[in-house]
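A short worksheet on the structure shown next.
Chain identifiers are assigned alphabetically (A, B, ...) following the order of the sequence lines, protein sequences preceding nucleic acid strands; residue numbering begins at 1 within each chain. The structure displayed is predicted, hence computed values, not measured ones.
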Amino acid sequence: MRNQAVTYELLHVCKQSGARRGVIHTPHGDIQTPIFMPVGTQATVKSMTPEELKNDVKAQIILSNTYHLYLRPGHKLVEEAGGLHNFMRWDRPILTDCGGFQVFSLSDLRTITEEGVEFTSHLDGSKHFFSPEKVMEIENSLGADIIMSFDECVKYPETYEYTKQSMERTARWAIRCKEAHKNTDKQALFGIIQGGFYEDLRKKSAEDLIKLDLPGYAIGGISVGEPKEEFLKMLYYTAPLMPENKPRYLMGVGTPDYLIEAAIAGIDMCDCVLPTRIARNGTALTSHGKVVVRNQTYARDFTPLDDECDCYTCKNYTRAYIRHLVKANEILGVRLLSLHNLRFLTKLMERVRIEIENDNLLNFRDEFYKKYGYIKE
RNA sequence: GGGUAGGUGGUCGAGUGGUUAAUGGCACCAGACUGUAAAUCUGGCCGCGAGAGCGUACGAUGGUUCGAAUCCAUCCCUGCCCA
């Protein structure tokens, strides 16, 4: 094997749950896993500075997005700026998503063929074409430590036939991505397992991609609106199909319960926009469940968002004050809530890592669910 | 004192004889949000009722009319202009 940009080191397997405790080595430092990765689509985790992400959230790696940075400001510009790390002043690892999710969610603006995807810019209506080769060119310019191969994220529900066709095409695109990817010593290309909610397709997708011997693998196309039991079924089916000696990434997962389940299934990395999005919409994640702090019940609540949280927001501000900021449409409200929600999830994963080391993750899950207010599955 | 423009639901503001419990914005109340076209979107927002519906409402009072927030009279109040 050539000198790989990214490698995985397994430290411990939880005897109770089978969850993995590990380290991912990258050109911009190590990542302790399992981990939650904040999303910074447009080269910024909305409203957060890199210092806040490092010192307060304690984020080890963040995501950014091929589709959005290609359209604006343009990947060549980012390259000129010295790459994404330099451009946004983030010196820890970055992962860029390939735009496959945008291909899926902006579906009325695109046409998919074997060659690639023609789409219309949501910014100015201009026509563009993404092929696997083009996506690699962009991701190479951006320079993230981990880059995702170009895939199609199929919606839920979708027919067996279409899902099969799409999954096979995604596998063919992965081959082309691997061939087109230039900076293998600096950037690790991860493959994305698709196959919708059909076990045989998931299995086939995993097999096809594993043959490519990529440095890491992701599960895509779940957590797209399906019931939780469907999600869990696919998660627990697919994760064990993935190589044990490489990072396993579950894309787009986000809620505390899903993150814990992902760890138990043997997943190392998750990302989600949820904490920052619901922050902007006036909601906090807490150890006692979701708190819609914008609601009137908190108008005179002079306690922190979460009494167990160690974040800057919780150490300094009350629910009443944050509610006031949110109601008054003050930027600080968005920032304080974003910071808290992100810290809540990174802290949750810190705890998950400890519980794995202590072979106690299942007990922790039950405790967490009880306190959070989830009904145990 | 004279002239003039006005007084509409929490607020701003449409409506100028019937399809008006009354457009819209804001405020307010709640819900949603999972590889970010999201500081967004959806619903509610006079009272009672599960509902059909009933009751009350467009400054006040009195009228015209089958029917008035809309027309008439008087009164009250507000802005501006002139003395």
Side-chain angles (χ1 to χ4, degrees), chain A residues 36-48 61-69 71-72 94-110 119-125 135 139 144 146-156 170 190-194 217-228 231 235 249-259 261-262 267 269-285 290 292-299 322-323 325-338 341 345:
Chain A
F36 172 77
M37 307 182 285
V39 181
T41 302
Q42 308 209 61
T44 170
V45 176
K46 291 186 192 297
S47 89
M48 295 285 99
I61 170 174
I62 60 174
L63 254 70
S64 200
N65 187 274
T66 299
Y67 170 89
H68 289 281
L69 295 181
L71 286 181
R72 180 174 60 193
I94 299 178
L95 181 156
T96 42
D97 186 26
C98 61
F101 183 78
Q102 282 63 41
V103 166
F104 147 77
S105 64
L106 278 50
S107 59
D108 49 330
L109 302 175
R110 52 74 165 159
F119 61 92
T120 305
S121 162
H122 69 281
L123 297 174
D124 62 5
V135 168
E139 294 199 87
I146 298 171
I147 66 178
M148 301 308 295
S149 94
F150 190 47
D151 73 329
E152 183 192 358
C153 180
V154 171
K155 70 180 197 300
Y156 175 88
T170 288
F190 280 25
I192 304 175
I193 299 167
Q194 289 290 345
Y217 290 95
I219 303 176
I222 66 174
S223 191
V224 288
E226 73 282 1
K228 185 174 179 182
F231 165 81
L235 170 65
Y249 166 27
L250 173 61
M251 307 182 80
V253 161
T255 54
D257 56 329
Y258 277 34
L259 289 174
E261 296 293 348
I267 295 293
M269 319 156 71
C270 291
D271 77 284
C272 196
V273 305
L274 190 80
T276 45
R277 179 176 290 171
I278 67 175
R280 273 175 274 121
N281 298 332
T283 300
L285 298 167
K290 267 199 318 193
V292 185
V293 74
R294 138 174 69 77
N295 284 0
Q296 205 198 1
T297 43
Y298 304 109
I322 293 164
R323 171 181 137 92
L325 294 176
V326 170
K327 297 297 288 181
N329 212 11
E330 284 291 341
I331 305 170
L332 185 60
V334 166
R335 284 177 31 71
L336 293 177
L337 275 168
S338 294
N341 283 348
L345 293 184

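A:Asp257 and A:Thr255 are linked by a side-chain donor-acceptor pair at a separation below 3.5 angstrom, with hydrogens and angles left out of the test.
OP1 or OP2 of B:C28 has not a single side-chain nitrogen or oxygen of A:Gln296 nearer than 4.0 Å. Remark: A:Ser105 is in phosphate contact with B:A37, judged by side-chain N or O atoms under 4.0 Å from OP1 or OP2. Remark: A:Thr41 is in phosphate contact with B:U36, judged by side-chain N or O atoms under 4.0 Å from OP1 or OP2. For A:Asn65, no side-chain nitrogen or oxygen approaches OP1 or OP2 of B:A37 to under 4.0 Å. The side chain of A:Lys327 contributes an N or O atom lying less than 4.0 Å from OP1 or OP2 of B:C29.
A:Leu123 comes within 4.0 angstrom of nothing in the nucleic acid, heavy atoms only. Across all strands shown, A:Leu250 has no heavy atoms under 4.0 Å from either base or sugar-phosphate atoms. A:Cys98 comes within contact range of at least one nucleobase, with a heavy-atom separation under 4.0 Å.
In RNA chain B, consecutive stretches of 3 or more Watson-Crick or G-U wobble pairs with both distances under 3.5 Å are given as paired ranges: B:1-7 with B:76-82, B:10-12 with B:24-26, B:28-32 with B:40-44, B:46-48 with B:53-55, B:59-63 with B:71-75.
Rounded to whole Å, the P atom of B:G47 lies 14 Å from the corresponding atom of B:A22. Between B:G7 and B:U16, the distance separating the two P atoms is 13 Å to the nearest Å. For B:U11 and B:C28, the C1' atoms lie 11 Å apart once the distance is rounded to whole Å. Using C1' as the reference atom, B:C33 and B:A52 are 36 Å apart when rounded to the nearest Å. Between the P atoms of B:U61 and B:G15, the separation comes to 25 Å (whole Å). For the P atoms, the distance linking B:A57 with B:G62 amounts to 12 Å, nearest Å. The separation of B:G10 from B:C58, taken at their C1' atoms, amounts to 15 Å, rounded to a whole angstrom. As rounded to the nearest Å, B:G13 and B:G6 have C1' atoms that lie 13 Å from one another.
With rounding to whole Å, A:Ile62 atom CD1 is found 14 Å from B:U36 atom C1'. One atom, CG of A:Leu345, and another, P of B:G35, lie 12 Å apart when rounded to the nearest Å. The separation between A:Asn295 atom CG and B:G44 atom C1' is 14 Å, rounded to whole Å. Remark: C1' of B:G35 and OH of A:Tyr249 are 5 Å apart, rounded to the nearest angstrom. If you measure from atom NE2 of A:His122 to atom C1' of B:A37, you get 4 Å, rounded to the nearest angstrom. Regarding A:Phe36, its CZ atom lies at a distance of 13 Å from the P atom of B:U34, rounded to whole Å. The nearest whole Å value for the distance from the CG atom in A:Asp97 to the P atom in B:U36 is 5 Å. Atom CZ in A:Arg323 sits about 13 Å away from atom P in B:A27, given to the nearest Å.
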Write down the protein N/O and nucleotide N/O pairs, taken from nucleotides 39-43 of chain B, whose separation is under 3.5 Å; answer none if there are no such pairs.
| residue | atom | partner | partner atom | Å |
| --- | --- | --- | --- | --- |
| B:A39 | OP2 | A:Arg280 | NH1 | 2.5 |
| B:U40 | N3 | A:Asn281 | OD1 | 3.4 |
| B:U40 | O4 | A:Asn281 | OD1 | 3.3 |

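Under a cut-off of 6.0 angstrom, the local environment of CD1 in A:Ile331 is sparse, with at most 12 non-hydrogen atoms contributed by other residues, nucleotides or ligands.
For the pair A:His122/A:Gln102, no side-chain contact is recorded, criterion being any heavy-atom separation below 4.5 Å from C-beta on. Residues A:Ile222 and A:Val253 fail the side-chain proximity criterion, which asks for heavy atoms closer than 4.5 Å. Considering only heavy atoms from C-beta on, A:Pro275 comes within 4.5 Å of A:Phe36 through its side chain.
Between A:Arg323 atom CZ and A:Asn295 atom CG the span is 7.5 Å, to the nearest 0.5 Å. Between atom NZ of residue A:Lys46 and atom CZ of residue A:Arg277 there is a gap of 9.0 Å, rounded to the nearest 0.5 Å.
If you check B:C33, B:G35, B:U34 against the side chain of A:Lys290, the one that comes closest is B:C33. Among B:U34, B:A37, B:C29, the nucleotide with an atom closest to any side-chain atom of A:Leu106 is B:A37.
Residue-to-nucleotide proximity on RNA chain B shows that, of A:Thr276 and A:Ala328, the 5′-proximal contact is made by A:Ala328.
Outside the 6.0 Å centre-distance limit, the rings of A:Phe190 and A:Tyr249 are not counted as a close aromatic pair.
With hydrogens and angles ignored, the 3.5 Å screen pairs a side-chain donor or acceptor of A:Asp271 with a backbone N or O of A:Gly252. A distance-only check finds no donor-acceptor pair linking the side chain of A:Glu139 to the backbone of A:Ala144 [under 3.5 Å].
Evaluation of the salt bridge (Lys or Arg N to Asp or Glu O under 4.0 Å) rule for A:Arg294 yields no partner, not counting sequence neighbours.
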